[in-house]
Amino acid sequence: MTRDARSVVEEYFKLMHGAGPDNMEFLKTFAADAVLVEPFSGSPRTHSGIKAIEASFRTTWQYQPMPNFRIRMGRIDVSGERVRAEWTCIWDGLPGEMKGVDDFEVRDGKITRMEVTVTEAPGATR
């Protein structure tokens, strides 16, 4: 039985706790041909396929280590296979919280597309 989109996204966030270069279990929530669009490389970059997504996370953690990071989920909106999830990320050494929203597409119980948007960065002025 295929899990609903909300359950898949909730599992992704749960597995992100404790994730890092030595714990990539969260990748099992992605389809083999998934697409990730992320802003952590300086400007939004698109990574296609599970190997490229894994490499993106490994590179991010290499240059932006996030010791003891925690993610608090906020509002989650679901419309069929689309999920929009607000989040707050806190980690040691960060002078505040980072907030954002992830837009997901989920099919057959796997994330097929994830687009990350940071809405508030620590230390940023408005």
Side-chain angles (χ1 to χ4, degrees):
M1 179 171 156
T2 302
R3 293 177 309 135
D4 63 85
R6 181 185 185 106
S7 296
V8 172
V9 169
E10 287 175 340
E11 180 183 15
Y12 164 79
F13 280 107
K14 178 183 168 196
L15 292 172
M16 283 300 291
H17 289 271
D22 298 326
N23 179 1
M24 304 289 280
E25 187 178 0
F26 69 92
L27 289 172
K28 74 180 185 180
T29 61
F30 287 89
D33 60 349
V35 172
L36 168 68
V37 181
E38 53 81 14
F40 304 113
S41 302
S43 61
R45 286 191 59 200
T46 301
H47 308 276
S48 299
I50 197 70
K51 295 289 186 194
I53 292 170
E54 178 181 357
S56 170
F57 277 99
R58 287 188 186 281
T59 299
T60 297
W61 287 325
Q62 177 182 354
Y63 293 105
Q64 297 174 6
M66 296 170 45
N68 301 315
F69 78 97
R70 296 156 314 279
I71 299 173
R72 278 193 323 256
M73 291 181 67
R75 180 179 173 156
I76 298 177
D77 295 313
V78 181
S79 178
E81 297 177 327
R82 297 186 187 275
V83 179
R84 183 173 180 85
E86 296 176 359
W87 50 264
T88 301
C89 184
I90 305 118
W91 71 87
D92 295 352
L94 187 68
E97 300 176 338
M98 178 183 291
K99 296 183 180 188
V101 63
D102 293 347
D103 290 296
F104 297 88
E105 292 179 22
V106 178
R107 280 189 213 99
D108 299 323
K110 297 285 186 178
I111 297 167
T112 57
R113 180 177 174 82
M114 176 180 171
E115 187 163 350
V116 179
T117 303
V118 174
T119 57
E120 188 175 318
T125 57
R126 292 182 185 209

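Side-chain atoms are counted along with the backbone in the values below, which use heavy atoms only and exclude waters and symmetry mates.
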Problem set entry | Interatomic spacing from CE in M73 to CE in M16 - rounded to 0.5 Å |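 Result: 12.0 Å between the selected atoms.
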
Problem set entry | Spatial distance of atom CD (E97) from atom CZ (R70) [nearest 0.5 Å] |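 These two atoms lie 9.5 Å from each other.
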
Problem set entry | Trace of the ring-ring contact (aromatic ring centres under 6.0 Å, His included) decision for F13 with F26 | CA-CA 8 Å; F13 280 107; F26 69 92; over 10 Å; no

Check whether any side-chain heavy atom of [X] sits under 4.5 Å from a side-chain heavy atom of [Y], and report yes or no.
{"X": "I50", "Y": "L27", "result": "yes"}
{"X": "V101", "Y": "R75", "result": "no"}
{"X": "S56", "Y": "L36", "result": "yes"}
{"X": "T117", "Y": "P39", "result": "no"}

Problem set entry | Verdict with reasoning, V35 to T112, per side-chain contact (heavy atoms from CB on, under 4.5 Å) | CA-CA 6 Å; V35 172; T112 57; over 6 Å; no

Determine the minimum heavy-atom distance between [X] and [Y], stating which atoms define it.
{"X": "H47", "Y": "E38", "answer": "NE2-OE2, 2.7 Å"}
{"X": "G80", "Y": "V78", "answer": "O-CG1, 3.8 Å"}
{"X": "D102", "Y": "M114", "answer": "OD2-CE, 3.2 Å"}
{"X": "I76", "Y": "V83", "answer": "CG2-CG1, 3.7 Å"}

Exercise. Between R58 and E54, is the closest basic N to carboxylate O distance under 4.0 Å?
Worked result: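 A salt bridge is present here (some side-chain N lies under 4.0 Å from a carboxylate O).
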
Problem set entry | salt_bridge(R107, E81) N-O dist < 4.0 Å |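 Salt bridge between R107 and E81, a charged N being under 4.0 Å from a carboxylate O: yes.
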
For this session: Please confirm whether the backbone N or O of R3 pairs with a side-chain atom of S7, one donor and one acceptor, at under 3.5 Å?
Result: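 Side chain of S7 to backbone of R3, a donor-acceptor pair under 3.5 Å: no, none is there.
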
Exercise. When you measure from the side chain of T119 to the backbone N and O of K99, does any donor-acceptor pair fall under 3.5 Å?
Worked result: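 Judged by distance alone, yes, a pair lies under 3.5 Å.
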
Problem set entry | Test salt bridge (charged side-chain N to carboxylate O under 4.0 Å, His left out) applied to D77 and R84, step by step | CA-CA 5 Å; D77 295 313; R84 183 173 180 85; 5.6 Å; no

Exercise. Among the clusters formed by ILVMFWY side chains lying less than 4.5 Å apart, do V37 and F30 turn up in the same one?
Worked result: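 No, no single cluster joins them.
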
For this session: Report the C-alpha separation of I71 and T88 in whole Å, then their side-chain angles, then the decisive distance to 0.1 Å, and conclude whether the side-chain contact (heavy atoms from CB on, under 4.5 Å) test is met.
Result: CA-CA 6 Å; I71 299 173; T88 301; over 6 Å; no

Problem set entry | Worked check of side-chain contact (heavy atoms from CB on, under 4.5 Å) between F104 and V8 | CA-CA 10 Å; F104 297 88; V8 172; over 6 Å; no

For this session: State which residues pass salt bridge (charged side-chain N to carboxylate O under 4.0 Å, His left out) with E115; sequence neighbours excluded, sorted by chain then number.
Result: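 Partners of E115 under the salt bridge (charged side-chain N to carboxylate O under 4.0 Å, His left out) test: R113.
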
Problem set entry | Counterpart residues, salt bridge (charged side-chain N to carboxylate O under 4.0 Å, His left out), relative to E25 (two or more places apart) |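 Counting only residues at least two positions away or on another chain, E25 forms a salt bridge (charged side-chain N to carboxylate O under 4.0 Å, His left out) with K28.
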
For this session: Take M98 and W87 through the test side-chain contact (heavy atoms from CB on, under 4.5 Å) and record every step on the way to the result.
Result: CA-CA 8 Å; M98 178 183 291; W87 50 264; 3.9 Å; yes

